[in-house]
Each structure stands twice: as C-alpha cells, then as structure tokens.
Amino acid sequence: MSTQPIQRATEVPFSRYEPEAVRPTCLMCSPRLYDVNYVINPWMAGNVHGSSRARAAEQWQCLYDAVSSVAEVVLVEPQPGSPDMVFTANAGLERNGIVALSSFFHPERQGEERHFRRWFLQAGYTVIDIPRSTPFEGEGDALFAIDGSRLWAGHGPRTTAASHRALREAWRVDVTPLHLIDPRFYHLDTCFAPLADGSAMYFPEAFDRVSVERIEAFYQADKRIALAEEDAVRFAANAISVGSTIILNEISRELKRRLEARGFRVIEVQLGEFLKAGGAAKCLVMRLSKPRVGVRN
Ligand code: ARG
C-alpha cells in the first residue's frame, strides 16, 4: 500500500478534470426484486420488509432519468434471492476494461457475485477475482481520484485492507487506505466523494485520524467540502459526479448553495426507500468504461 507522501491534487481548470463531452456508462439494476430482507448495516435495523416496492420503483426511475441525462445507462437483471443487487456500486470496481469483482463480506450478498460476473464477462470485461479470505465490496469501497493519480480504498466494516494489494496490482495504481470507524458509514462511498472539479465531499468523523490527514494532505483547504452530520446522514457524500452535474439524495439548503457556488448543477432525487437499506444515489450506480459488447439498456 502507498505510504509515500501524498501530492496535492493538481490545480487545473474545472473542465480539464472531466470534459463534459465524455458521457460515461453507468450500470444500474431495476428495484423489481428489491427488499430489506436482513440486517447487515445499522440502517437496515428496524426496516426489515419496511420499504415499499412501488415507492422504490418511482424513486429509482427518477434516479435513472437523472443519470440518463448525463450518462449511458446499461442494466443488469435483478435476481431472486439477491434483494440488494440494486446497489450495483458493490458489484466490483472497473477501469480500462478490467473489473475487480467483489467478494462480499456478508454471506447474504455473496450470491450476487456470480450474477455480476456473468454480466461483466458477457459485456466483454476482463474479470479479476478477489479471494473470499480478503473481502472487497467494489466501488462502494474504492474510488479513483478524479485526476486518476490514486485509488482511495476504504477498509473496516466490509472491505479488508488485505484486498487492496490486488487493486494496486490490477491497475498499477497508488492505493491510499482510508479506515472507516463509524458503523453507519460502512462503505467509503457513504462518507467520501471525489468531485469532478477536483474537490471532495467527506464526513471527517467517519474516518480515523490518519485517514483524515491523508484526505487533507491531498485536498487543500479550498477543495474540501466537509459535511455536517445532518447532511452526512442524508447520504450527501453518496453522490454521483459527472462533469458539472451532481446527483444525490435530498440535502440541506446550505450544502446545496455551497455546491452551486462551486459551479455545480445539483440534482436532488428522493431516495428514502433505499436509505432503509443503507444506500442512496451513488450506491445504485456503478461507473464503467464503455462495454466492448452491446448490452441492454
Ligand atoms: N444493504 C446494502 C448493504 O448493506 C447497501 C449497500 C450500499 N452500497 C454502497 N455502495 N454503499 O450491503
């Protein structure tokens, strides 16, 4: 793992980080079979079978429409017995046609692995397996810095630090471990979001001290958007950032103003039914390079 000094994010104009013209591909999964069936994070407690499929379907459709305005959306079929499959960010991590497939920590989600594997292979991606002995939960716990200079990799409740080595080897990229210490923020993408203008939203209290120092060594003060707890628990950091657009659950007016002042167009989508399972906008989407084989959308 990288313990080398962290270089600051390079100062380049907004549009140079992620040109608007680049339309990414996003993998989503219909919530047709979505349910809160078990409790594997604190948000699910008290919500077993407490979500409405009809409302979930409406909310997901609004998210689908918002994401479709900035990206090509491709779909994987939901599968019986995998009610969390809707959270495609946990399928794996993809870059340059290579997918590190998730090896879920909880047996409740391990059944999803073969469905995602089949989808990636059929879409022409190269799949790398992460051993069961070193759980890894995909893009939920691993986020590339926007300038591509490193991979931020969470560990703690789900992903193991030992799995990070495979990520470093897969892409020959510097991996910076970030230790998650608050059970509510059990995936990195629930409390940390690199944004397309080279800034980042994060909830400092979700990390141990060394991890906060690593984040702050990379993002200088004016590039840090530290979240108050009020927004953190609304999953504000669980944001989809494409060019100047940010798509997320409803947030405070103050945070919305802060993001708009940075030049972002903020699209809020009500995702309350998914919060009951511990997920929001970014969890429901996996970012992909263009599939080599034609896929359904
Ligand atoms: N119920 C799911 C779980 O606990 C929610 C996953 C949220 N995904 C994410 N990328 N944070 O695994």
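In each ligand, atom 1 is the first atom listed, and ligand 1 is the first ligand listed.
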Practice task
Please indicate whether any nitrogen or oxygen in Asn238 is less than 3.5 Å from any nitrogen or oxygen in ligand 1.
Solution key: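 In this structure, Asn238 places no N or O atom under 3.5 Å from an N or O of ligand 1.
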
Practice task
For ligand 1, find out whether one of its N or O atoms is nearer than 3.5 Å to an N or O atom of Glu137.
Solution key: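 It does not: no N or O of Glu137 is found under 3.5 Å from an N or O of ligand 1.
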
Exercise for the section: Answer yes or no: is there a side-chain heavy-atom contact under 4.5 Å between Trp60 and Met28? Expected result: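 Trp60 vs Met28: side chains touch.
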
What are the atoms of ligand 1, with element, lying closer than 4.0 Å to any heavy atom of [X]?
X      : answer
Ile40  : 3 (C), 4 (O), 12 (O)
Thr190 : 11 (N)
Arg158 : 3 (C), 4 (O), 12 (O)
Gly140 : 10 (N)
Asn41  : 1 (N), 3 (C), 4 (O)
His187 : 7 (C), 8 (N), 9 (C), 10 (N), 11 (N)
Asp84  : 1 (N), 2 (C), 3 (C)

Would you call [X] and [Y] a salt bridge, using N to O less than 4.0 angstrom?
X      : Y      : value
Arg118 : Glu112 : no
Arg117 : Asp129 : yes
Glu213 : Arg209 : yes
Arg287 : Glu94  : no

Distance-only side-chain donor-acceptor flag, [X] / [Y], under 3.5 Å:
X      : Y      : value
Thr176 : Arg214 : no
His49  : Asp35  : yes
Ser103 : Arg132 : yes

Exercise for the section: Measure from NZ or CZ of Arg95 to the centre of the six-membered ring of Phe144 and say whether it is under 6.0 Å with the direction within 45° of the ring axis. Expected result: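 Ring-cation test returns yes.
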
Closest non-hydrogen protein atom to [atom], residue and atom name please, with distance?
atom                    : value
atom 10 (N) of ligand 1 : Asp189 OD2, 2.9 Å
atom 9 (C) of ligand 1  : Cys283 SG, 2.8 Å
atom 8 (N) of ligand 1  : Asn90 OD1, 2.8 Å

Problem - ligand 1-proximal atoms of Arg109, by part, heavy-atom distance under 4.0 Å - result: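 It is the side chain that gets close, since no backbone atom is under 4.0 Å.
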
Problem - Proximity to ligand 1 by part of Met44, non-hydrogen separation under 4.0 Å - result: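 Near ligand 1, Met44 shows its side chain, while the N, CA, C and O stay back.
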
Handout entry: Shortest non-hydrogen contact from Asp222 toward Gln220
Key =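 Closest approach of Asp222 to Gln220, heavy atoms only: OD1-NE2, 2.8 Å.
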
Exercise for the section: For Tyr186 and ligand 1, answer yes if some heavy atom of the residue is under 4.0 Å from a ligand atom, otherwise no. Expected result: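 Yes.
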
